[in-house]
Amino acid sequence: MHALKVTRAEDFPEWYQTVVREADLAELSPTRGSMIIKPWGMGIWERIQGELDRRIKETGHENYYFPLLIPLSFFAKEAEHVEGFAKEMAVVTHHRLKAVDGSLKPDPEAELTEPLIIRPTSETIIGDAFSRWIKSYRDLPLKLNQWANVMRWEMRTRMFLRTAEFLWQEGHTAHVDEADAMDETMLALEMYRSVAEDVLAVPVIAGEKPENERFPGAVRTYSIEAMMQDGKALQAGTSHYLGTHFAEAQNIRYQDKDGGQTLAHTTSWGVSTRLIGGVIMTHGDDDGLRTPPAIAPRQVVIVPMLRGKPEDEELKAYCASLASELGGVSVFGSPVRALVDLKDARPADKRWDWVRRGAPIICEIGPRDAANGQVTFIKRNALREGEKIKSHTLPRADFVAQVAAQLAATQQELFAEAKARLDKSIRSDFTSFADLERYYGTEDTEGEFKGWARVPWSRPTGAALEEVGERLKALKLTIRNAPLTQPSSFGACIFTGAPGVEEILIARAY
RNA sequence: CGGGGUGUAGCUCAGCCUGGUAGAGCAUUAGCUUUGGGAGCUAAGGGUCGCGAGUUCGAAUCCCGCCGCCCCGACCA
């Protein structure tokens, strides 16, 4: 008897939806395609923000805030960028409502002379600022970041993975030359790898996107790709070297040491609340989410076995002092986040709520524990032994002494489990496209796990790459990236037969 | 935006084919019992059956239109 009604094996998409709801992470809102993020989900995002923001600042960036609304004309400047986003933009055209036939409508007399678009990303308005702020090589590099919401009018939405409005961070930088901008691009990618692996316990493969998967307007796009438990890939973060495309479109020039006017090289990079979807599909199980301790809003939850009797007060005091003592212990560089759940509900219900949310350690303290000075607890990442819930008991002092190590070990175990799955699920024994077809083309074996393929290719471009894309699309596959770590020699390209120049990852993707 | 599915109580769903004025389980509320772990009994509250327009004496049920959600596709840094 699991805590969720659907298992991953039965119906993975349905399971995902169920976890989001049952772990109380978020819910759909009345606004189409947009969600209400609830405290457990928002708390996870706040931890991710904290960790990433620290890294961003440590590497010399400063936070800014740019407007939500961008003049339409700004967007029209970079041709590829326009084409990439035009189909999914929300547009503000009026500044006043008026009652017409009993219902409120935009006042025809209050139409804006120039419409505003709700930012789908901020390259254009930040580029405009860059063009004013950057005068001299002494102004470079200019490295900024903003935490913001953005909106893309998506046709098909999924909670956390693709919503119309989402929260993210976008870094934008300008540099004197390509070398410096590329260093920045790779620095951002490394920050993302570090946050994904060290904080979210989500193993990723960093690499460069093929030409047809680039960000609109980018010269080179890099990504980190994570493997979900159904074998699909999730693009968990991207970093772009934009060359001088935006500098040309928006006139971002600086006077160099020789007095000449030179175009700046820019970058942009971002991760979003989509990471939470990645955490769910990496660490979730049939009892709900297993929240990595580093991002768990509550790392230790104490459920007192209250019985509505006078001795409850003693038990509450014992739990409160335990929580307070845990708050004096440090883990991942911060005090342990402990909570005594005093909600007026049955203890068993509270326990299962925290199991579904995935609090890493759930203590269930009864009068006997209090009397004996001990702590009874369950570890969420190893909840069961067979079908049965596995419960542990330790003397209180021992529990407190080892709680930090326990949380750190849980973080490691979650990562190791996901890393092992990733490593064993990348096949590199395909030597022809026919091999791929045999493996991925077999029809409708429901829910069968198929991981990724790592194959050599000759990096075709233009129409030849389009054709490769079409052949893969027939198998519902896409090229995820060319991993940064490459062997020294390559087999023949599985698409063209020409000598390979690098290896790429191929997968089904979210 | 195309194909399929679906929408009835907070949740999961039955009822629809064969029209007759709304049900179950869980949840909620109250009382009693129980108490080392997702409790039992009793009672109560809760739904203009997604929205709109039709057919009909009568529509959750039949017809038409619209909308949301889920899956697939297209699309997607």
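Letters A, B, ... are given to chains in the order of the sequence lines, protein chains preceding strands, and every chain is numbered from 1.
Residue-level contact check: A:R274 touches neither bases nor backbone, having no heavy atom under 4.0 Å from any strand. When heavy atoms are screened at a 4.0 angstrom cut-off, A:E213 is found touching the sugar-phosphate backbone but no base atom. As judged by a 4.0 angstrom heavy-atom cut-off over every strand, A:K350 is placed among residues making no nucleic acid contact. Among the atoms of the strands shown, only primed sugar atoms or phosphate atoms (P, OP1, OP2) are found under 4.0 Å from some heavy atom of A:G84. When heavy atoms are screened at a 4.0 angstrom cut-off, A:T376 is found touching base atoms of the nucleic acid. Contacts of A:P216 with the nucleic acid, taken as non-hydrogen atoms under 4.0 Å apart, involve only primed sugar atoms and P, OP1 or OP2. When heavy atoms are screened at a 4.0 angstrom cut-off, A:T221 is found touching no nucleic acid atom at all. Looking at heavy-atom distances under 4.0 Å, A:G33 makes contact with sugar-phosphate atoms alone, never a base.
For A:M35 and B:G68, the CE to P distance is 19 Å, given to the nearest whole Å. In this structure, A:W15 atom CH2 and B:U12 atom C1' are separated by 20 Å, rounded to whole Å. For A:H81 and B:C76, the NE2 to P distance is 15 Å, given to the nearest whole Å. Going from atom CG of A:D312 over to atom C1' of B:U35 covers 11 Å, rounded to whole Å. Following rounding to the nearest Å, A:Q17 (CD) and B:U12 (P) show an atom-to-atom distance of 12 Å. To the nearest angstrom, C1' of B:C70 lies 14 Å from CG of A:L161. The CD atom of A:E14 sits 13 Å away from the C1' atom of B:C11 (whole-angstrom rounding). Atom CE in A:M305 sits about 12 Å away from atom C1' in B:A39, given to the nearest Å.
For A:R346, the listed nucleotide lying nearest its side chain is B:A39; candidates were B:C72, B:A39, B:G37. When each of B:G37, B:C1, B:G38 is scored by its nearest atom to the side-chain atoms of A:M155, the top-ranked nucleotide is B:C1. In the set B:C75, B:G37, B:C71, the nucleotide with an atom closest to the side chain of A:P13 is B:C71. Comparing atom distances between the A:R356 side chain and each of B:U35, B:C76, B:G38 picks out B:G38 as nearest. Candidate nucleotides B:C76, B:C70, B:G37 were compared by shortest atom distance to the side chain of A:A348, and B:G37 ranks first.
The nearest heavy atom of RNA chain B to A:S272 and to A:K473 marks one nucleotide each, and the one closer to the 5' end goes with A:K473. Nearer to the 5' terminus of RNA chain B, by closest-nucleotide assignment, is the contact made by A:D11 (compared with the other of A:D11 and A:V150).
With P as the reference atom, B:U12 and B:G54 are 33 Å apart, rounded to whole Å. Rounded to whole Å, the P atom of B:C16 lies 31 Å from the corresponding atom of B:U28. Nucleotides B:A43 and B:C26 have their P atoms positioned 14 Å apart, rounded to a whole Å. Rounded to whole Å, the separation between the C1' atoms of B:C11 and B:G73 comes to 31 Å. Across the P atoms, B:C51 and B:G7 are found 14 Å apart, a figure rounded to whole Å. Across the C1' atoms, B:C41 and B:G58 are found 41 Å apart, a figure rounded to whole Å. For the P atom pair drawn from B:G19 and B:G5, the interatomic distance equals 23 Å after rounding to whole Å. B:A60 and B:G23 are spaced 12 Å apart, taking the C1' atom of each and rounding to whole Å.
With both pairing distances under 3.5 Å, B:G45 is matched to nothing as a Watson-Crick or G-U wobble pair. The pairing partner recorded for B:A60 is none, the criterion being a Watson-Crick or G-U wobble arrangement whose two distances lie under 3.5 angstrom. In this structure, B:A74 makes no Watson-Crick or G-U wobble pair, since no nucleotide meets both defining distances under 3.5 angstrom. B:G10 is paired with B:C26 under the Watson-Crick or G-U wobble criterion, all donor-acceptor distances under 3.5 Å. Pairing partner, B:C32: B:G40, with both Watson-Crick or wobble hydrogen-bond distances short of 3.5 Å.
At a threshold of 4.0 Å, the pair A:E385-A:K388 does not count as salt-bridged, since none of the basic side-chain nitrogens sits closer than that to a carboxylate oxygen. The pair A:D341-A:R351 fails the salt-bridge criterion, with no side-chain N (NZ, NE, NH1 or NH2) lying under 4.0 Å from an Asp/Glu carboxylate O.
The side chain of A:R156 places no N or O atom within less than 4.0 Å of a non-bridging phosphate oxygen (OP1 or OP2) of B:C76. Phosphate proximity of B:C72 to A:K476: absent, as no side-chain N or O sits under 4.0 Å from OP1 or OP2. Contact annotation: A:K209 does not reach the phosphate of B:C76 (side-chain N/O to OP1 or OP2, under 4.0 Å).
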Working note: A:K209 + A:E225, criterion salt bridge (charged side-chain N to carboxylate O under 4.0 Å, His left out); need CA distance, chi angles, decisive distance, verdict.
CA-CA 10 Å; A:K209 288 281 188 185; A:E225 302 283 333; 2.9 Å; yes

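In the model, A:S122 has a side-chain atom that pairs as donor or acceptor with a side-chain atom of A:E170 under 3.5 Å. Defined by atom type and a distance below 3.5 Å, a donor-acceptor pair is present between the side-chain atoms of A:N63 and A:D53. A side-chain N or O of A:T267 and one of A:T173 form a donor-acceptor pair less than 3.5 Å apart. Counting only N and O atoms by type, the side chains of A:Y241 and A:H265 include a donor and acceptor under 3.5 Å apart.
Taking the centre of each ring, A:H240 and A:Y222 stay at or above the 6.0 Å mark.
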